[in-house]
Amino acid sequence: MSNNHDDFEPIDGAEEIQIPQSTTIDHLIVEGNNNNNTGDTLSNVIVENWIFAPIAVTIQKMNVSKPTHVFNVAEKESKKQFMAEALIPFLFAGLGLILAGIMLESAEGSEFFSKLPDAVIMVPTLVGLKGNLEMTLSSRLSTLANLGFMETRKDKIKVALSNMALIQCQAIAVSSLAVIPVLLVGEQPITFEDTLCLLLSAVVTASLASLILSLLMVAVVIAARHWKLNPDNISTPVAASLGDVSTLYILLSVGTLVCHMRDLHITLLIVILLFFYAIAIVGAVIAAEDRFTLEVLKNGWWPILCAMMITTFSGLVLKKSMQTYPPLAAFQPLINGLGGNLVAVQASRISTQLHRARKNREIEVRPLSHYINPWRAFFGKNEDASAAQILLGISIPSNILFIFIIFLFGVGFHNTFPFTISFVLVCAIQVTILLYICQILVRAMWIMRIDPDNSAIPFLTALGDLIGSLLLIFCFWSQWKYFGLPVSADQYTGHKFGH
């Protein structure tokens with residue numbers, strides 16, 4: 001990141017903002033101009049109420065001085081470096097999402113979905129945990145690393161354990177709620193045994209997938225800092241590359257196993273479920289011992305739950321669209337995952353910028369009206385526009401490559417030039433909308449005193465799922481309606497990938 005602060009004003013302007021009431025109070029220290037290196041002399045104290053305090057505010061409450069030895073990668077990052085760091089993980093993420101699409105399309109005939117067909121409604125919610133939990137974890141870890149709180153071995157272990165414990169608690173709790181939409185709007189009658197199978201499958205899937213991905217996120221952030229790379233550009237694409245495919249694989253495997261066990265060992269299923277809930281409680285206790293994760297544990301639930309409601313609607317859309325246009329399932333993880341992936345990188349970068357400014361007690365974000373202009377988001381002379389141009393530039397040619405890879409596996413119809421143009425266009429529209437919303441939402445949350453690291457990405461990835469699904473349906477409908485592409489259900493009977 002450059003040192004261009006055209007988007008900011010002096011922090012003294014913070015006292016003019018109308019701040020909502022909250023139980024979280026930050027006594028923001030503004031250092032005087034007496035050149036006292038200890039930072040002990042205070043010229044002013046601004047009391048701010050935070051609904052959901054971010055890491056930088058927590059640091060100020062702890063009165064921790066800025067580490068002087070930290071390599072500030074963002075201040076040295078050029079456009080070429082940003083593009084290079086984001087491109088390779090993005091390509092790997094695309095390949096992972098393609099595999100997820102293959103698995104989702106083939107999973108329609110699996111034993112788990114055959115016995116419990118309404119379980120497909122849970123798929124976007126469970127896959128969305130990657131955006132709700134793993135991507136927020138990567139953003140949180142990137143912020144801590146960029147602020148210098150993962151420099152020693154002791155700090156790395158402490159941050160890793162507390163954040164992984166938090167993720168386990170959140171994953172198990174949120175995945176338990178993913179069953180509710182199936183019970184309310186499912187088309188098939190659900191027995192107690194079916195409900196138990198769905199609940200245990202969702203909980204185990206979320207717990208195991210979150211464990212794997214959180215370990216990976218910690219390793220990626222540590223490796224990025226070691227090689228003096230910006231983890232903001234790398235960690236979220238890596239989460240996307242394995243998140244969808246690992247979650248789907250675990251869900252199908254665990255769901256099939258649980259369906260086999262329910263007729264013989266129903267009591268054992270209950271015991272296993274209680275064991276995972278005990279893990280969630282232990283995770284909450286461990287997370288509560290760390291100052292950074294305690295704030296998320298107390299106040300970080302509502303963004304995840306709101307995002308889950310959006311992804312639940314996406315699940316209903318997915319089920320209906322798969323019935324109408326079966327080959328759509330092969331493309332759904334790609335358009336949704338890549339859009340959420342790109343906007344998560346942007347959100348993480350902006351969030352880190354705001355955290356660094358707050359920690360250094362330097363600057364505050366401008367009024368929200370400054371960010372509403374779409375021209376500023378994509379063509380202005382600022383960091384947001386530069387990053388948005390690069391991310392869109394990565395997206396368009398990459399999607400052309402990815403769509404040809406998908407057709408190598410066979411999707412029941414042959415690719416056409418109009419379909420390629422239509423798919424790439426709807427992907428570009430989705431990413432453009434998300435990037436525009438991102439620059440407003442992250443700043444809006446900051447001004448409203450809500451931590452964007454833990455709140456913005458769940459909303460953005462959930463919106464990406466919904467917008468991507470709707471645009472993809474329009475893409476398939478238009479190709480079927482105006483170009484005669486054989487993608488409707490009556491033209492697609494019985495086909496599976498590779499056949």
Side-chain angles (χ1 to χ4, degrees), residues 100 103-104 107 110-130 132-134 137 160-184 186 188-217 242-288 297 301 304-305 308 311-312 315:
M103 192 174 297
L104 179 61
S110 67
E111 182 176 353
F112 178 54
F113 285 144
S114 296
K115 291 185 176 180
L116 299 170
D118 289 326
V120 72
I121 299 175
M122 300 193 307
V123 171
T125 300
L126 294 177
V127 171
L129 285 176
K130 174 198 66 185
N132 296 340
L133 300 180
E134 274 69 41
L137 170 65
L161 289 179
S162 60
N163 278 276
M164 289 175 63
L166 173 67
I167 292 299
Q168 281 296 305
C169 175
Q170 291 180 318
I172 293 172
V174 174
S175 62
S176 300
L177 301 178
V179 179
I180 296 177
V182 180
L183 302 179
L184 296 179
Q188 303 293 326
I190 301 292
T191 65
F192 171 76
E193 289 78 9
D194 292 337
T195 303
L196 184 60
C197 287
L198 291 170
L199 182 59
L200 184 58
S201 299
V203 167
V204 176
T205 297
S207 178
L208 294 181
S210 294
L211 176 62
I212 295 171
L213 292 174
S214 57
L215 281 171
L216 182 62
M217 287 301 95
L242 293 177
D244 287 11
V245 66
S246 61
T247 300
L248 281 172
Y249 180 79
I250 294 173
L251 176 62
L252 293 174
S253 302
V254 172
T256 301
L257 179 62
V258 169
C259 286
H260 287 163
M261 294 175 60
R262 69 174 178 175
D263 296 329
L264 301 176
H265 308 287
I266 191 70
T267 304
L268 179 60
L269 297 185
I270 297 175
V271 172
I272 295 174
L273 183 62
L274 294 176
F275 171 75
F276 277 91
Y277 284 140
I279 292 178
I281 295 173
V282 173
V285 172
I286 296 175
L297 185 65
W301 293 97
I304 298 174
L305 295 177
M308 189 189 75
T311 55
T312 297

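Along the sequence shown, residues carry numbers from 1. What you see below is based on every heavy atom in this structure, not just the backbone, and it leaves out hydrogens, waters and symmetry mates.
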Test: side-chain hydrogen bond (donor to acceptor under 3.5 Å, both in side chains). Region: residues 196-209. Which pairs qualify, not counting sequence neighbours?
Q168-S207
Compare all side-chain heavy atoms of L133 with those of L137 and state whether any distance is below 4.5 angstrom.
no
Mind checking whether M217 and M164 have side chains closer than 4.5 Å, heavy atoms only?
no
Which value, rounded to the nearest 0.5 Å, describes the distance between L251 atom CG and L208 atom CG?
11.5 Å
Any sub-3.5 Å donor-acceptor pair from D118's side-chain atoms to V182's backbone N or O?
no
To the closest 0.5 Å, what do you measure between OG (S246) and CG (L211)?
11.0 Å
Can you name the nearest heavy-atom pair linking A178 to P181, along with the distance?
O-CD, 3.3 Å
Write out all pairs satisfying salt bridge (Lys or Arg N to Asp or Glu O under 4.0 Å) with one or both partners inside residues 190-202, taking only residues at least two apart or from two chains.
D194-R262
Could you give the distance from OG1 (T311) to CD1 (I304), rounded to the nearest 0.5 Å?
11.0 Å
Working to the nearest 0.5 angstrom, can you tell me the gap between L215 CG and I167 CD1?
11.5 Å
How many angstroms lie between CD1 in I180 and OG1 in T195, if you round to the nearest 0.5 Å?
11.0 Å
What's the separation between atom CG in L274 and atom CD1 in I279, rounded to the nearest 0.5 Å?
11.5 Å
With side-chain contact (heavy atoms from CB on, under 4.5 Å) as the criterion, how do K115 and H260 come out once you've worked through the C-alpha distance, each side chain's angles and the decisive distance to 0.1 Å?
CA-CA 11 Å; K115 291 185 176 180; H260 287 163; 4.1 Å; yes
Do I212 and L216 make a side-chain contact, defined as non-hydrogen atoms from C-beta onward lying under 4.5 Å apart?
no
Would you say OH of Y277 has more than 12 non-hydrogen atoms from neighbouring residues, nucleotides or ligands within 6.0 angstrom?
yes
Heavy-atom pair with the smallest gap, counting every atom of S175 and V203
OG-CA, 3.4 Å
Could you pull out all donor-acceptor pairs under 3.5 Å where a side-chain atom in residues 252-259 meets a protein atom, sequence neighbours excluded?
residue: S253; atom: OG; partner: Y249; partner atom: O; Å: 2.9
residue: T256; atom: OG1; partner: L252; partner atom: O; Å: 2.7

Side chain to side chain contact (heavy atoms under 4.5 Å, CB included) filter on A119, not counting sequence neighbours, yields F112, F113, L116, M122, L198
Qualifying residues under side chain to side chain donor-acceptor pair (under 3.5 Å), relative to S210, sequence neighbours excluded
E134
Partners of A165 by side chain to side chain contact (heavy atoms under 4.5 Å, CB included), sequence neighbours excluded?
I286
